[in-house]
Amino acid sequence: MSIDKPWKSLRALQEPFNDAFNYRSRKEKELFNKLFLITDSLERCLSPSTYFLMGEKGAGKTAYAVYLENNTLDNNKCQVTTMTETQYGRFINLKKAGKLEYSDYANIWRSMLLFLAGHLIINKSKGVLSRITGKYNNLEKSIEMWTKNALNPEIESAFEAITSDKFDLELGQKGVAKAGASEASSETEKTPRLKHHLLETEMELKSAISSLKLKDNHVLFVDGIDYRPERVSYREYLECIKGLSEAAWQLNTEFFNGIRDSKGRIKIVLLVRPDVFHALNVYNSNSRLQDNTVYLDWATNEIEYKSSPLFEVSGRYFSRQQTFESSPEDAWNNYYRDQDLGGLVFKKLLRQTFQKPRDILTFIKITREIQISAGKGDWSVFQDGLHANAKFARAFSDYLLGEARNYSAFYMTQEDFRIYLKYFHYLNGKARFSFDEFDEAYNEFYKWAKGERIRAKEYLHDSESLLQFFYDVNIIGYSEETEDSGEGYYHWSYRERSPNNIAPKVKAANKLMINPGIAKALDIGKAFSQKKAKPQKPRKIKPRSTSNRRYNKSKKSNQ
């Protein structure tokens, strides 16, 4: 590090986005291309057999897809499409309205995905010459045949297409869509007509796509699968995305792979969290994880962090915005003075985050905002101790708790999550505790929670169910010591998860702990006075089987 280099001021640095989707605009693409770290995983995403891009929330799944959309690598033309709450709701309401079976979800999804693949091919490959040759005429006609409004976004157009003029959706009084056919149609005619329409649409699009001789590969990334709208039940939503997974797999393996006489290939890649993939319970899931999945893992440790991709991508935010060449390590050390501190700042981040690129960028964003608001935005270094002051600690802790809240949204409503967080009141400020102490606090929490309206009650089954939930969302972890050296190993769900251990189980150890990064948002460290509740008959906790308590070993990293 050289102090005489003209490092940019903090104010002159561009503020990072938390969500990579914001880097799709023309204005932001240049910066994103500079900041993005190309790893081996990027190339593997383009492998013909990769159908899933998997990683924890904030691990960079969307960033990878957006980078590939913004840049054509090795003749691969990519596009990202994101499902939203409105679209999922319409999807499920269509099933309710037409009285379709769950098995019909895959039929609807296949038509949807074929529409999106057709749009991708035309958007990315149709040029001036092809307008003259008419190469894409059949595909365009097939899409236009079913599309009501070409000005709609692609997914909306696809929805309009699969319902057609005969199935105009009208919202009912209770929010359930009703399929309105022509006046001469009866309710009993709607289901077979819709199924026939879907099949007809699918065959028409398949015929048009398979007739093309493509020069380039085309990859459609489907994002937004991890987000469950609160107004859609967990069961309904799970069935819906199971249909999506099945449809994408069928198209990839049975249709796209079978197209002959075309140099360019087509495929669909689903962006999915590991826990969501596990919940799908797809057929032959282990083989799909090993053979068809790219898994993004950024975890490192305090000994090896300097050579880790996580540290490199953190320093690139600073190094790639300078007017001179600098390494990510030098840039990080300049702004946070971390070399003088022995890496204290980054090591603290490893202990207090989920070790994801989004966490580090948010750390940078918050510390930068605090320094600028303090009137020191013209500095090219952060003031000493900024990462430890109370204002930063509260803001960053709230962010990490928000990540856990969003993670849990797949399983429960935000109100349920708020209620479950009340559990920590009964730990009375403890950041480290034994399982017996956790269990004792659970019994008190259970007495209170019985009077609350909770939809996701499965985590109240017993103390181990609740502990597993808090472990899954990375709020609670545990430590163990080796017998030979007494060295401590820290276990967090985000670090234990891997393609070989996609759903790690928490060990009911005597050394449980709250993630120190989240502790501030939970008011951990403060003991509260508690009034004695009226005596109640103790609740018997049904012991779990040894299989549920079993700890699945995976690679350990010393914190």
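The chain is numbered in sequence order, starting from 1. Remember, it's a predicted structure, so these values are computed and weren't measured experimentally.
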Name the orientation class of the two ring planes belonging to Tyr459 and Tyr420 (parallel below 30°, tilted from 30 to 60°, perpendicular beyond 60°). perpendicular
N-O pairing of Glu403 and Lys356 below 4.0 Å: no
Any side-chain donor paired with an acceptor under 3.5 Å for Tyr51 and Thr253? no
Taking the six-membered ring where the residue is Trp, are the ring centres of Tyr234 and Phe410 under 6.0 Å apart? yes
Run the side chain to side chain contact (heavy atoms under 4.5 Å, CB included) test against Lys124 and tell me which residues pass, sequence neighbours left out. Glu69, Lys77, Gln79, Leu120, His218
If I compare all heavy atoms of Ser245 with all of Val282, which pair ends up nearest, and what's the gap? OG-CG1, 3.6 Å
Test of ring centre spacing under 6.0 Å for Phe52 and Tyr295: no
Do Gln468 and Glu464 get their side chains close enough for a donor-acceptor pair, meaning under 3.5 Å? no
Examine distances only and state if a side-chain atom of Thr293 and a backbone atom of Gln290 form a donor-acceptor pair shorter than 3.5 Å. no
Any salt bridge (Lys or Arg N to Asp or Glu O under 4.0 Å) involving residues 269-292? Give me the pairs, sequence neighbours left out, ordered by first then second residue. Arg273-Asp275
What pairs meet the salt bridge (Lys or Arg N to Asp or Glu O under 4.0 Å) rule with one or both residues in residues 43-59, with sequence neighbours excluded? Glu56-Arg497
Does any donor atom in the side chain of Asp359 or Tyr399 lie under 3.5 Å from an acceptor atom in the other side chain? yes
So, do Phe363 and Phe392 have ring centers that fall under 6.0 Å from each other? yes
Chi angles and distances behind the side-chain hydrogen bond (donor to acceptor under 3.5 Å, both in side chains) call for Asp462, Ser465: CA-CA 5 Å; Asp462 55 31; Ser465 298; 2.9 Å; yes
When you compare the side chain of Asn107 with that of Leu199, does any pair of heavy atoms fall below 4.5 Å? no
Centroid-centroid under 6.0 Å between Phe438 and Tyr423 rings: yes
Are there more than 12 heavy atoms of other residues, nucleotides or ligands under 6.0 Å from atom NZ of Lys422? no
